[in-house]
Amino acid sequence: MNEVKITLPDGSIRTFPSGVTGMDVAKSISEGLARNALAIEINGEIRDLSRVIAHEAAIKILTWNDAGGKYAFWHSSAHLFAEALEALYPGVKFGIGPPIDNGFYYDVDLGDQPFGDAELTAVEKKMGELAKTNSVFQRREVSKAEALAYFTRKNDPYKLELIRDLADGSITFYQQGQFTDLCRGPHIPSTGFIKAIKLTNVAGAYWRGNEKNKMLTRVYGITFPKQKELDEYLHLLEEAKKRDHRKLGKELELFAFSEKVGMGLPLWLPKGTILRERLEQFMRKAQIKAGYDPVVTPHIGGKNLYITSGHYEKYGKDSFQPIRTPDEGEEFLLKPMNCPHHCEIYKVKPRSYKDLPIRLAEFGTVYRYEQSGELHGLTRVRGFTQDDAHIFCRPEQVKEEFVKVIDLVLFVFRSLGFENYTAQVSLRDPQNKAKYIGSDELWDRAEREIQEAADERGLKTVAVQGEAAFYGPKLDFMVKDALGRSWQLGTIQVDYNLPERFELEYIGSDNQKHRPVMIHRAPFGSMERFVAVLIEHCAGNFPLWLAPEQIAVLPISEKFNAYAEEVVNYLKNRDIRGFLDDRDEKIGRKIRDAEVTKVPYMLIVGEKEVAERKVAVRKHGEGDKGAVFLEEFANAFAADFAMPQ
RNA sequence: GCUGUUGUAGCUCAGUGGUAGAGCACUUCCUUGGUAAGGAAGAGGUCGUGAGUUCAAUCCUCAUCAACAGCUCCA
C-alpha cells in the first residue's frame, strides 16, 4: 500500500503517495490555501498540517475562517504566551492553557510575584518578538516515563499531575523555540501566523476547577492573523459594553441597587416596572389561553414544608436562615421556590383523573442566598420573581404537556425576537448520583420523555450531564448576553419526586389512588433575568408594546404647552404612554434628549400643528416623518402599540 | 465563598501627605426658539466605612462593606 485516497470537501477524491502530509495536500489544491492553512480536519478530527495522513480519509484544510482553524490558532497562541512568560519569569509553573470561544487562557503559578497591567504589557511585547522568530511547532510522541522525567526536572507539579492521569503511549509534547509543553495538539505550523496579540485580563482560577485546590493566575488573551482584525474585535467589545444591561438600566432609569437594602436585591424604578408589568401581562394572557389557573401564595412557608420537599436538607445551611416568631420552636423560611406551596394547593381537595392536568401559575417572588461573588446585575440576584407554574398530570400526559410548554416557550421567544438560543437537555451526572433524589427508574423515564418531547418539536438540543436539578432533569433555553456570557432563561422540568414526597394523589378511572407527575416550568425564567437579557438583546430600544415611554410630546415653545398637554391626555385615553417635555429648552435640545433616552416616537407641536390639530411625527433613529392629524396618528400606530397575541 | 482590581458631587471621571476639581444633570435668570446640546449665574462632596502611622491622611498601612473581572456555585 503506497498510496492514500483522500476525499476533499467538494466530494472529489484524489490519490496521494504514502507519507503525504496535510500541508502537501493543501499545496496540491492551491498555493493560496497552503499559505493560509492553519490545521487540517481528518475524518472530523483536527490535526497538525505536518502530520502524515496514513489512511484513506475525508479531509478539510482549515484556515482562519474555520472554527477549527481559530481553535488551533488560539491554542498555539496559548503556547506562545507560555513561552514568553517563561522567558520573563524563569521557574514559572504552568497549569492548563486551552483555546476558548474568543481567544485562549493559561493558568499559571507565579508564586508570590505580582502580575498586573504593566506585566501584562511586557509579556504581550515578548510574545510579539517571539512570534516574529516564526518558530515551528514541533510535535513529539513521548513515553510516560520520559514525560514524567522532563517535568520532574522542570519541577512543574501541575503538569506532572496531568501526566499521571494519562495513559502511556498517548502522550505528546509540542515544542516551539525554547518552550516545550505537554499537549495533545493540534497546532498551527509556526508562530509567525500570530500577528496581533492582546492579553485582555487576569483572574484567579482554582487548579482543576476545584475550590479546595490552590488558586492559580489565569491570564486571558486573544490573537489574530492581522492587526486590523484585533482592532475590530476590540471595537466590537466596546460596542457590546454599551448594551450591558447594568449600564442601560441605570441610564434609562429601569432599576437600581442600594447598599442599605442589600446586595442582589433590585429596586425596580417606575420605568422598569412598566416594562416588567407589560411582560407579565403578556405572559398572563398567554397562560390563560393555554389553560393555566393563576394562584397566589405567601412569601414565607413553615420550615416543615421544605423538610418535606427535601429543599431544607439540600440548601438549608446555605440559605437565608429561618425566621423565628415569639412562639417557641416556630420557624418560617423565605420561600426559595414556589413548588411546595403549589403542592399544598393541589392537596386542598381530592383530585380525579378527570381534573388533570391542573396547571397552577404564579408570578412568585422567591429569595435565594446566592454566593456574594455570583451576583450580577439583574441576571443573578437574591430576590426575584419567577413566571412559575406547576402542571400536575397523569403519567401518560407528561409528553403532551411538555410539548405544550415547549410551544409556549417558543411563542415567547418568537414574540420578543430571540432567535439565537440553545435548547439544553440538562441531565443527571451519572458519576455522582448521590447528589440527586429519586430512583434510577424515574430519572431514566423523565430524561427520556424530555428528549422525546424536544424531538417531537424538532428542537435541536444539546445534552449536558450534571446540569439537572437535584429532583429531576430539565430542558433549559440558554441565551447569550452582550458580552457572550450564557444565561438560562426558560426552563421546563419533569419531576416524579415532589409528588412522592408530598404524597400527591388522584383517583383514576379504576377508582384506585395514583400518583400524578409534576412539570415545573418558567418560560421567562425570572422577570429579572429576562429583562436583563432583553435589554441587551435590543440595546435598550424596546419593541413599542414594551417601551416604558412610547411617545415624547415636544412643544416648540411654551406657547404650545396647552395643546401638547391635550395631546398627551388624548394618547393616555387610548392607552398610549406619552409624556410632555415642557422644559424651557429649544426643540433641538428636547429632540436630542428624547433620542438618547431611546423614546420610540416624538410628536412635535408648534403653531402649524395647533392650528390644524396635527402632530409632527419623528421616529427614534429615523428622523422626521411629517405631520399628520393626531387621531390619524393614534389609529395608524395602535396596532404597533399592541401586545403580541 | 475564593483570587485580583476598584470605590472622589445625582452621572461620567480628573487630582493631591497641608481638609478638593471638570463636564453633564440640578436651581434661578435671560431667551419663545421648527427636528440631536442657546446664554449667564448659583447650589451641591465628612473623597465607601472603621481603626492605625503622621505635626497633618481623601492620598500611606490594616480591617470592613460594596461594585467589577474570573473561578466555584445556581432549587
Side-chain angles (χ1 to χ4, degrees), chain A residues 105 107 114-117 200-220 244 246-247 250-251 253 256-260 262-264 306 309-316 318-319 335-340 366-377 379-382 386 388 426 437 467-472 474 476 483 485 487-488 491 493 495 498 520 522 525 529 554-561 583-596 602-609 616-627:
Chain A
Y105 69 78
D107 286 344
F115 199 75
D117 283 347
T200 46
N201 61 322
V202 183
Y206 301 110
W207 167 236
R208 310 199 96 175
N210 187 332
E211 66 181 316
K212 291 188 179 69
N213 286 343
K214 180 170 182 179
M215 186 167 281
L216 305 180
T217 305
R218 176 170 295 182
V219 180
Y220 285 85
D244 189 315
R246 292 165 298 183
K247 180 176 155 70
K250 195 185 276 186
E251 285 171 5
E253 297 182 14
F257 289 91
S258 148
E259 277 191 34
K260 277 214 181 76
M263 59 167 115
Y306 302 101
S309 72
H311 289 103
Y312 187 79
E313 192 193 350
K314 187 84 183 166
Y315 295 103
D318 304 315
S319 288
K335 75 172 170 190
M337 81 293 300
N338 306 296
C339 351
V366 297
Y367 298 89
R368 296 178 184 177
Y369 189 74
E370 305 287 7
Q371 294 182 27
S372 59
E374 201 40 63
L375 300 172
H376 183 97
T379 49
R380 195 79 184 272
V381 287
R382 284 180 167 174
Q386 297 176 305
D388 208 358
S426 301
I437 58 175
E467 286 293 308
F470 75 94
Y471 52 75
K474 314 186 279 177
D476 293 325
L483 294 169
R485 289 176 288 221
W487 297 98
Q488 174 207 307
T491 177
Q493 315 173 1
D495 182 358
L498 273 193
H520 309 243
R529 183 176 289 179
L554 313 178
I556 300 274
S557 87
E558 275 170 29
K559 286 186 286 194
F560 315 111
N561 282 356
R583 289 174 305 163
D584 177 15
E585 292 290 351
K586 287 193 178 175
I587 193 64
R589 179 51 183 275
K590 294 184 186 181
I591 286 169
R592 183 189 145 78
D593 289 347
E595 288 281 352
V596 299
M602 286 149 269
L603 298 183
I604 293 144
V605 296
E607 202 172 349
K608 282 180 282 184
E609 288 75 19
V617 180
R618 183 189 164 98
K619 196 167 177 184
H620 170 73
E622 293 183 19
D624 196 359
K625 297 283 175 189

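Below, read A as the first sequence line, B as the second, and so on, with proteins coming before strands; counting in each chain starts at 1.
At a threshold of 4.0 angstrom between heavy atoms, the contacts of A:Tyr220 are confined to the sugar-phosphate backbone, with no base atom among them. Here A:Thr217 lies out of heavy-atom contact (under 4.0 Å) with every strand. As judged by a 4.0 angstrom heavy-atom cut-off over every strand, A:Arg485 is placed among residues touching the sugar-phosphate backbone only. Heavy atoms of A:Met215 sit under 4.0 angstrom from at least one base atom. Among the heavy atoms of the strands lying under 4.0 Å from A:Gly209 are primed sugar atoms or P, OP1, OP2 only; no base atom is included. Counting any heavy atom pair closer than 4.0 Å across all strands shown, A:His520 reaches no nucleic acid atom.
For the OP1/OP2 pair of B:C74 and a distance below 4.0 Å, the side-chain nitrogens and oxygens of A:Arg368 include no atom meeting the criterion. Residue A:His376 has no polar side-chain atom (N or O) positioned under 4.0 Å from OP1 or OP2 of B:C74.
Rounding to whole angstrom units, CZ of residue A:Arg246 and C1' of B:U6 are separated by 14 Å. Separating the OH atom of A:Tyr105 from the C1' atom of B:G4 is a distance of 17 Å, rounded to the nearest angstrom. Distance A:Met263 CE to B:G7 P: 19 Å, rounded to the nearest Å. When rounded to the nearest whole Å, the span between CZ of A:Arg218 and C1' of B:G4 equals 14 Å. Going from atom CG of A:Asp476 over to atom P of B:C74 covers 13 Å, rounded to whole Å. Following rounding to the nearest Å, A:Leu375 (CG) and B:G70 (P) show an atom-to-atom distance of 14 Å. Rounded to whole Å, the distance from CG on A:Asn338 to C1' on B:A75 is 11 Å. B:G7 atom C1' lies 18 Å from atom CZ of A:Phe257, rounded to whole Å.
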* **Protein proximity profile, nucleotides 29-44 of chain B - base contact B, sugar-phosphate-only contact S, no contact -, cut-off 4.0 Å on heavy atoms** => -BBBBBBBBB------
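Heavy-atom nearest nucleotides on RNA chain B were determined for A:Leu216 and for A:Tyr367, and the one closer to the 5' end corresponds to A:Leu216. Both A:Phe115 and A:Glu259 lie near RNA chain B, and the one whose nearest nucleotide falls closer to the 5' end is A:Phe115.
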* Verdict with supporting geometry, A:Phe470 and A:Ile437, side chain to side chain contact (heavy atoms under 4.5 Å, CB included) -> CA-CA 6 Å; A:Phe470 75 94; A:Ile437 58 175; 3.6 Å; yes
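Side-chain proximity of A:Ala205 to the nucleotides B:A69, B:A75, B:C71 is greatest for B:C71. Closest to the side chain of A:Pro336, from the set B:A75, B:U12, B:U3, is B:A75.
A salt bridge links A:Glu595 to A:Arg618: at least one charged side-chain nitrogen sits closer than 4.0 Å to a carboxylate oxygen.
With hydrogens and angles ignored, no donor-acceptor pair under 3.5 angstrom links the side chain of A:Tyr206 to the base of B:G70. The base of B:C74 sits with one of its N or O atoms less than 3.5 Å from a complementary donor or acceptor on the side chain of A:Arg380.
A:Tyr369 OH: 12 or fewer foreign heavy atoms inside a 6.0 Å radius. The environment of A:Glu251 atom CD is dense: over 12 non-hydrogen atoms of other residues, nucleotides or ligands sit within 6.0 angstrom.
A:Glu585 places none of its side-chain heavy atoms less than 4.5 Å from the side chain of A:Asp593. Here the side chains of A:Ile604 and A:Glu609 are not in contact, with every heavy-atom distance at 4.5 Å or above.
The nearest pair of heavy atoms linking A:Asn213 to A:Trp207 is ND2-O, 2.8 Å. When all heavy atoms are compared, the tightest approach of A:Glu370 to A:Arg380 is OE1-NH2, 3.0 Å.
Using C1' as the reference atom, B:U8 and B:G48 are 10 Å apart when rounded to the nearest Å. For the C1' atom pair drawn from B:C55 and B:G17, the interatomic distance equals 12 Å after rounding to whole Å.
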* Starting at the 5' end of RNA chain B, write a dot or bracket for each base, bracketing those in Watson-Crick or G-U wobble pairs whose two distances are under 3.5 Å and using | for partners on another strand. => (((((((..((((....[..)))).(((((.......))))).....(((((..]....))))))))))))....
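Residues that satisfy the side chain to side chain donor-acceptor pair (under 3.5 Å) test with A:Arg246, not counting sequence neighbours, are A:Asp244.
Without hydrogens or angle criteria, A:Thr491 side chain to A:Ala522 main chain gives no donor-acceptor distance under 3.5 Å.
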